[in-house]
There are 2 protein chains.
Amino acid sequence: MSDGRSGQFNRGESLLFLTDEQLRQGIEAMFFAYRGFTADPDRILAKLAYGRAHHRAIHFINRAPGTTVNNLLSILGVTKQSLNRVLRALIEDGLVESRVGTADKRERHLFLTEAGKTLEAELSNAQRARMRAAYKEAGPEAVQGFRKVLEAMMDADMRRAYTKLRETSS
Amino acid sequence: MSDGRSGQFNRGESLLFLTDEQLRQGIEAMFFAYRGFTADPDRILAKLAYGRAHHRAIHFINRAPGTTVNNLLSILGVTKQSLNRVLRALIEDGLVESRVGTADKRERHLFLTEAGKTLEAELSNAQRARMRAAYKEAGPEAVQGFRKVLEAMMDADMRRAYTKLRETSS
DNA sequence: AGCTTATGTCAGTGATGTTGACATTCCAAG
DNA sequence: CTTGGAATGTCAACATCACTGACATAAGCT
């Protein structure tokens, strides 16, 4: 790691000791934090006999109403058969509506019903509350860094999906 | 998007637009990043017919050699039945050794065998490589914020486990 | 001796993922 | 136009893994 500076570190690198130990702490922080991240929605979902797969489907249908099953598949990264079971349950329970495509009748466009939107809001509110609290506790500068590292940790195709979602929502 | 930044915030909060939209982006970043975070180990584990549960067990046994089953349970947050299935497999495959406690013979103390350490290193290296790359891409200041937000997102008991691990490792 | 603790095990259930087979629809080559 | 392939989505069977509940065993504690 020859940075060829006169001093041992330049200003930018001096805070970044990438020892295995530091990295492992980051790994463990990620593990524990993700548990907290999903804890609140999990509690709500458990009462309804739903799991995280249902939450993810509801989240992204809400995010991009009218999305097709195929589109959802690529975002969620599961097989279509897996997603189908989840969608079937949500449709039967009246949370999601599936409309045959007009241009291409093979496609199904997915929408949340009023009941679906209600559950989505309940899940979102719980998760946002925790995120808001964490942001507030960590402070504004920390939030920038948080987002930056997370984005750098994604696979290329995930980052594409992520930035695409950011665009369409604005 | 009502961000109304005319004079509504004081200096400290001015960088922190806690709109629902901003929070949702954080949520999605967390979702996608966690997939990237586990992708590399998952590939290695799949070849051995192991899952993430095995990885977590191996990780924390390596982190705290001699830990008891009960201790591991509280860190991992799974049921003993679940953990037992995992441990049984790892012991049968010669990756983990279970020694009866000397002071309290009810306890089992867990250690990685040489083969276990080899697999742990393989998994760790893959995950650290990604973490290192993400840290490098995001920059030093970002790393501080990343860690700070993650810690703030944990449940209280998780944060206790996390900081305890940090102490014992130093 | 009786109560509690630590661990392990068996049985049943549920969520989630997989592969395979199949129906429907679209599109393009002949 | 017809036919065959590709795309989209659905249904069925099976595997994995987590959970709850019940119980067994051994050891420590009062």
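First the proteins, then the strands, lettered A, B, ... as listed; each starts at 1.
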Interface with DNA chain D, restricted to residues 74-83 of chain A and to heavy atoms under 4.0 Å =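 Residues of residues 74-83 of chain A that come under 4.0 Å of DNA chain D are, in numerical order, A/Lys80, A/Gln81.
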Whole angstrom value for the distance that separates [atom2] of [N] from [atom1] of [X]:
X        : N      : atom1 : atom2 : result
A/Leu87  : C/dG17 : CG    : P     : 12 Å
B/Leu45  : C/dG17 : CG    : C1'   : 16 Å
A/Leu90  : C/dA15 : CG    : P     : 12 Å
B/Arg52  : C/dT16 : CZ    : P     : 14 Å
B/Arg99  : C/dT7  : CZ    : P     : 16 Å
B/His109 : C/dG8  : NE2   : P     : 12 Å
B/Asp42  : D/dT16 : CG    : P     : 16 Å
A/Leu73  : D/dA7  : CG    : C1'   : 12 Å

Could you check whether [X] pairs with [Y] (Lys NZ or Arg NE/NH1/NH2 to Asp/Glu carboxylate O, under 4.0 Å)?
X        : Y        : answer
A/Glu97  : A/Arg99  : yes
A/Glu28  : B/Lys164 : no
B/Asp20  : A/Arg128 : yes
A/Arg24  : A/Glu21  : yes
B/Lys148 : A/Glu141 : no
A/Asp155 : B/Arg130 : yes
A/Asp40  : A/Arg43  : yes

message = So for A/Arg85 and C/dG17, does any side-chain atom that can act as donor or acceptor lie under 3.5 Å from a complementary atom in the base?
response =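 It does, because a donor-acceptor pair links the side chain of A/Arg85 to the base of C/dG17 below 3.5 Å.
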request  = Establish whether the base of C/dT7 is bridged to the side chain of B/Arg106 by a donor-acceptor pair shorter than 3.5 Å.
outcome  =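 Flag unset: no donor-acceptor pair detected.
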Considering only side-chain heavy atoms of [X], which listed nucleotide, [options], is closest?
X        : options              : value
B/Asp104 : D/dT8, C/dT9, D/dG28 : D/dG28
B/Arg108 : D/dG9, C/dG8, C/dT16 : C/dG8
A/Asn70  : D/dG9, C/dT7, D/dA18 : D/dG9

query = Between B/Asn84 and C/dG8, does any side-chain N or O lie under 4.0 Å from OP1 or OP2?
reply =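 Affirmative; the distance criterion is met.
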message = Strictly below 4.0 Å: does A/Arg88 bring a side-chain N or O up to OP1 or OP2 of D/dC11?
response =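 Looking at the OP1 and OP2 atoms of D/dC11, one of them is under 4.0 Å from a side-chain N or O of A/Arg88.
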message = Please compare B/Lys105 and B/Arg56 by the position of their nearest nucleotide in DNA chain D and report the one closer to 5'.
response =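 Closer to the 5' end of DNA chain D: B/Arg56.
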query = What nucleic acid atoms does B/Ala46 come within less than 4.0 Å of, heavy atoms only: base, sugar-phosphate, or nothing?
reply =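 Touches nothing.
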inquiry  = Taking the nucleotide of DNA chain C with the nearest heavy atom to each, does A/Thr102 or B/Val69 sit closer to the 5' end?
reply    =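 Closest to the 5' end, via its nearest nucleotide, is B/Val69.
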ask   = Can a cation-pi geometry be assigned to B/Arg56 and A/Phe31, taking NZ or CZ under 6.0 Å from the six-membered ring centre and within 45° of the ring axis?
value =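 Because its charged atom misses either the 6.0 Å distance or the 45° angle limit, B/Arg56 does not stack over A/Phe31.
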